[in-house]
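Take a look at the structure below.
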Amino acid sequence: MRGLLYLAFIALLFIAAPAQAFAQTKNGVLDIQEVTSEKGMTAWLVEDHSVPVIAMKFGWRGAGAALDPVDKQGLARMLSNTLDEGAGALDSQAFQKALRDDVISLGFSASRDDFTGALKTLTKNKERAFELTALALSKPRFDKDAVERMRQSNQSRIRSSLSDPDWMAARLVNDKAFEGHPYALNSGGTLSSLERIQPADLKKLHQATLGRNNLSVAVAGDITAEELRDVLDQVFAHLPEVQLPEMKDLGVQNEGKVFLYRRDIPQSVIEIMQPGIGRDDPRFHTAQVMNFVLGSSGFGSRLTREIREKRGLTYGIYSNFYELTHFKGLAVSTSTANKNVGEMLSLIKGEFNRMVNTPISADELKDAQSYLIGSLPLSLTSSDKIAGLMNSLQLEGLPIDYLDQRKKAIEATNIQDIQTLAKALLAPEKFVTIIVGAPEGLDDAVTVKSLPHVE
Amino acid sequence: MAFLVAFLVACLASGAYAGPSTIKNEQAATPEGTAQERDKVFNAESFMLDNGMEVVVIENHRAPVVTHMVWYKFGAADEPAGKSGIAHFLEHLMFKGSAQIGGRDLKPGEFSEIVRSMGGNDNAFTGQDYISYFQSVPSEHLETVMRMEAGRINGLKPPADEVLSERKVILEERKQRTDNDPRGQFGEQLAAVAFINHPYGIPVIGWKHEMDALSYDDAKAFYDRWYAPNNAILVVSGDVTPGRVFDLAIRIYGQLPREDVPERHRTRSPVLNSHTSVALEHPAIREPVVQSLFRVPSARQNRQDSLALEVLEEILGGGPTSRLYKSLVVDRKIASNAGMVYSPAAWDDSSVWIYATPLEGQTLDTVQKALMDELRKLIKDGVGKHELRDAKARMQDEAIYARDSLTGPAMVIGAGLATGRSLDDIEYWPYDIGAVSAEQVVAVASMFLNPDKPTDHPPVSGYLLPKAEGEK
């Protein structure tokens, strides 16, 4: 299962996933220190000297693809592709060779909301790693040649994706559920919008969005707080203060409608979106437990049991909360043979209604709580994962002891609250449904002639 | 992370070679002295149960969790003729009810539900040469997952009605992976041509017409023939000591009797002398792809050749500073991407894939020739001293990253052992890479990837092409 939407789900799951006390940590779930540098830069740090590896994840809140102009969709993505394509005196090949020779992994990416970076280095090469990261952030070159190469690579990626029905369905659900909002645009760019992006645009975006005031930094691995203080100043203190434009909140658009993009393939891909719930809502953890029972857990979830295990209608079906800074949704993703699409849609609605109409069992509650709490350590098994989890928490604006609070909040969920929430939230009549394929017997669908924001 | 990736690619792909050994083993001795004095990558401990089941433990106390995997030393390549997909179908049925050592039988779906309720995850995967079942759980639950997994080795009990619905599931899986995207169909057909009369030419998921007819009896026959403790490897990675794992393994897996199991005996490809091209034109394709598939030795077949191929992969295909990318993408600007992939983990022949995505306006032939010219150049002019040294140093350093993971080391070791490598081969891999010479790298390129001197199994060139709507 691929697709833009699905990738976003993984990111969400990562945070939403899981917790339990660590034998070896003294301060709760994860022993996070807050480190502040001389010049006032801060970072969260989990020290671990068991493997000579350092992982650093950093992100700029609000600097993501939602800021892309309509005629230059893909701009933030292009910035993420070109920041490591030469800086200072090093051109693209020299910069890449410097990284490669010291097996330093440095990369950037742009989600709809945020712009993020990831650095991983062996301890013995750390000085060079921090130096190259600082260089990429302070003096990126955006050479014409490198920009052109990344443009071509993105255009190639888009054309390749055009035989992937999962990708097409993800494109359409973004377009329809977010219609009229910058979120509806193609964060990966379009074939023509990429053509219009020039080095000057990248330079401008770099200066306007990657600031010191919207930055969060998380580090895990073989480094001390003392060392990290200096690194923070070396790598990030030169960044400017930035002011980002305000963006409007958004509800699900096109509620109740079914859209069909007809393709001559044997299996229809289905994406559904309905209103969701945000982390700032006091019912957030109740919602996580409910959705674990409904469909986020894969094996053992009601959707999987009824639709895959009992009837063999699909290889996979998942429901996941889809949270962006300005949008809260609940999505269902699946696929099924063309002739079964009608049955599939009514089974999904049936499971939503069952959750609304009958309380979950005590066993379901207990298993969901125990998974959501107990599986957290599985997200904390490498420097990479620990730094990534911390940076996600930071970008969501959550406190440093969030993982401990989360455990208590999940323990406090109960059957009654879950049903009350299900009644308030789950609404099959509000589904915006996207189908890519050749479904049979689907009368009420609006046919989409061509994929928006691709060409 | 070439080190890790190289092993893992084999999970889905497959590979192979049956030719003669080419390079003598003279480079194998390392300057560092005997094996005992050298650093190992993972420091794994191993142990053999009386019933022939191998047990490997990788300690890692980073978080209070363990990954528990059972690897079977057979796979889709060992299916009977006409029953393609049965190994994978059976893997699905293994979640539909089974016995448990020291506990009651598990109902369909209950295995995974119990793992979830512990705060754990579980799954399984099937390759050409191995099948693997795994759980990642908080360490205190290791014994429970061991009891459940051991019960599946000879106590499968799926009810009949679960079998028919699960066959629908694997058919949907095939559509999702292959039938819905021409890129999936293309890869399947390329392998089918490159591995004529060898099971690696048959997709792991199965051919649709054969999957349609798979029955419970077929699955049971495969199960009875192959599944046995002496045909399995237990790999445990995480917050546990080797002593504790060995003790549990003796008490739980040790209860299972040794069984007679067959050798892995596969049909072989005949000697061929035609250069084959596979072209798929499809209206859904917008971006053409050019690739060539070469049959080369796996690590089991020829360890020295395989090590040299890994170094060759780093030089030709290791990212944006590699020869292929630099030549086709950066300098000549005729492709948007180019590279090479080699996976050493296979029981029979392995494969090298060399590929490029042509830029608009470039003919496929131009790009294909540019790829082959890079091979010719390396064979003719050799590999530079610094180029070789830097490539090997990068590969050795990357092995350190492989340790920074819970499941990664268990995957590398499980896949390696299941495809005929020894634990030492894996633990001392960085030293063996260090000993590869420039002559060896050129020799494997010349012997197996020479565009002008095909082997007994000539490469297959593949062209994935757009086709205007309406054309037939």
Side-chain angles (χ1 to χ4, degrees), chain A residues 1 18 20 22-24 48 50-53 92-93 96-97 100-103 120 122 149 152-153 155-156 159-160 162-165 221 263-267 269 297 299-300 305 308-316 335-337 366-367 370-371 373-378 380-384, chain B residues 60-65 95 108-109 112-113 116-122 136 138 162 164-173 175-176 179-183 238 282-287 289 318-321 326 329-330 333 336-337 357 359 390 393-394 397-398 400-401 403-407:
Chain A
M1 281 269 241
Q20 141 164 10
F22 266 43
Q24 66 269 55
D48 183 313
S50 62
V51 181
V53 170
S92 162
Q93 277 285 301
Q96 285 292 331
K97 187 167 183 326
R100 195 80 193 100
D101 280 349
D102 281 341
V103 272
K120 193 162 77 164
L122 300 175
R149 197 152 38 78
Q152 286 166 344
S153 155
Q155 289 172 329
S156 168
R159 284 190 294 259
S160 296
L162 285 170
S163 68
D164 177 357
R263 300 271 89 190
D264 183 17
I265 47 178
Q267 187 185 60
V269 175
S297 53
F299 288 122
R305 196 176 316 127
R308 172 177 157 154
E309 304 290 325
K310 280 196 190 161
R311 296 178 177 80
L313 292 177
T314 187
Y315 176 52
S335 59
T336 192
K366 187 167 71 58
D367 287 350
S370 123
Y371 178 83
I373 294 170
S375 62
L376 184 67
L378 292 176
L380 306 173
T381 53
S382 68
S383 304
D384 249 8
Chain B
N60 172 352
H61 301 286
R62 189 105 193 228
V65 288
F95 292 85
S112 298
E113 286 166 22
R116 284 300 175 285
S117 71
M118 296 167 176
N121 296 316
D122 73 327
S136 292
E162 297 276 341
L164 282 180
S165 68
E166 201 59 28
R167 192 173 67 195
K168 290 190 197 161
V169 171
I170 57 167
L171 284 161
E172 291 298 326
E173 183 177 354
K175 288 188 198 116
Q176 189 173 321
D179 305 332
N180 250 16
D181 190 336
R183 292 174 302 176
H282 198 286
I285 291 297
R286 285 279 300 274
E287 187 75 349
V289 174
T321 54
K326 188 165 185 318
V329 181
V330 178
K333 302 187 192 341
S336 61
N337 192 19
T357 309
L359 281 181
D390 293 349
R394 290 194 298 265
D397 278 349
E398 274 176 351
I400 302 172
Y401 286 124
R403 280 157 48 195
D404 187 22
S405 163
L406 173 72
T407 304

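Each chain gets a letter, A, B and so on, in the order the sequences are listed, and its residues count up from 1. Because the structure is predicted, anything quoted here is derived from the model rather than measured.
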inquiry  = Can you confirm whether B/Thr321 sits close enough to A/Gln93 that some side-chain heavy atom of one is under 4.5 Å from a side-chain heavy atom of the other?
reply    =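 Touching, per the 4.5 Å side-chain cut-off.
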Heavy-atom check, side chain of B/Arg403 versus side chain of A/Pro52, under 4.5 Å =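 When only atoms from C-beta onward are counted, A/Pro52 and B/Arg403 do touch, with a gap below 4.5 Å.
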In terms of side-chain heavy atoms, does [X] have a donor or acceptor partner in [Y] at a distance below 3.5 Å?
X        : Y        : result
A/Ser382 : B/Asp404 : no
B/Glu287 : A/Ser156 : yes
A/Ser383 : B/Arg62  : yes
A/Tyr315 : B/Glu173 : yes

Check whether [X] reaches the backbone of [Y] with its side chain - one donor and one acceptor, N or O, closer than 3.5 Å.
X        : Y        : value
A/Ser163 : B/Ile285 : no
B/Glu172 : A/Ala337 : yes
A/Arg100 : B/Pro320 : no
A/Ser370 : B/Ser117 : yes

Mind ranking [options] by heavy-atom pairs under 4.5 Å with chain B and telling me who comes out on top?
options                               : value
A/Thr336, A/Asp264, A/Asp48           : A/Asp48
A/Ser297, A/Gly300, A/Ser50, A/Pro266 : A/Pro266
A/Asp102, A/Leu162, A/Val269          : A/Leu162

request  = Enter the distance from A/Gln267:CD to B/Asn180:CG here, rounded to the nearest 0.5 Å.
outcome  =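 So the gap between those two atoms works out to 5.0 Å.
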ask   = Should A/Lys120 and B/Glu398 count as an ion pair when the cut-off is N to O under 4.0 Å?
value =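 Salt bridge between A/Lys120 and B/Glu398, a charged N being under 4.0 Å from a carboxylate O: no.
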inquiry  = Go through it in stages, so that I can follow the logic: the residues are B/Tyr401 and A/Leu122, the test is side chain to side chain contact (heavy atoms under 4.5 Å, CB included), and I'd like the CA-CA distance, side-chain angles, deciding distance and then a yes or no.
reply    = CA-CA 8 Å; B/Tyr401 286 124; A/Leu122 300 175; 3.8 Å; yes
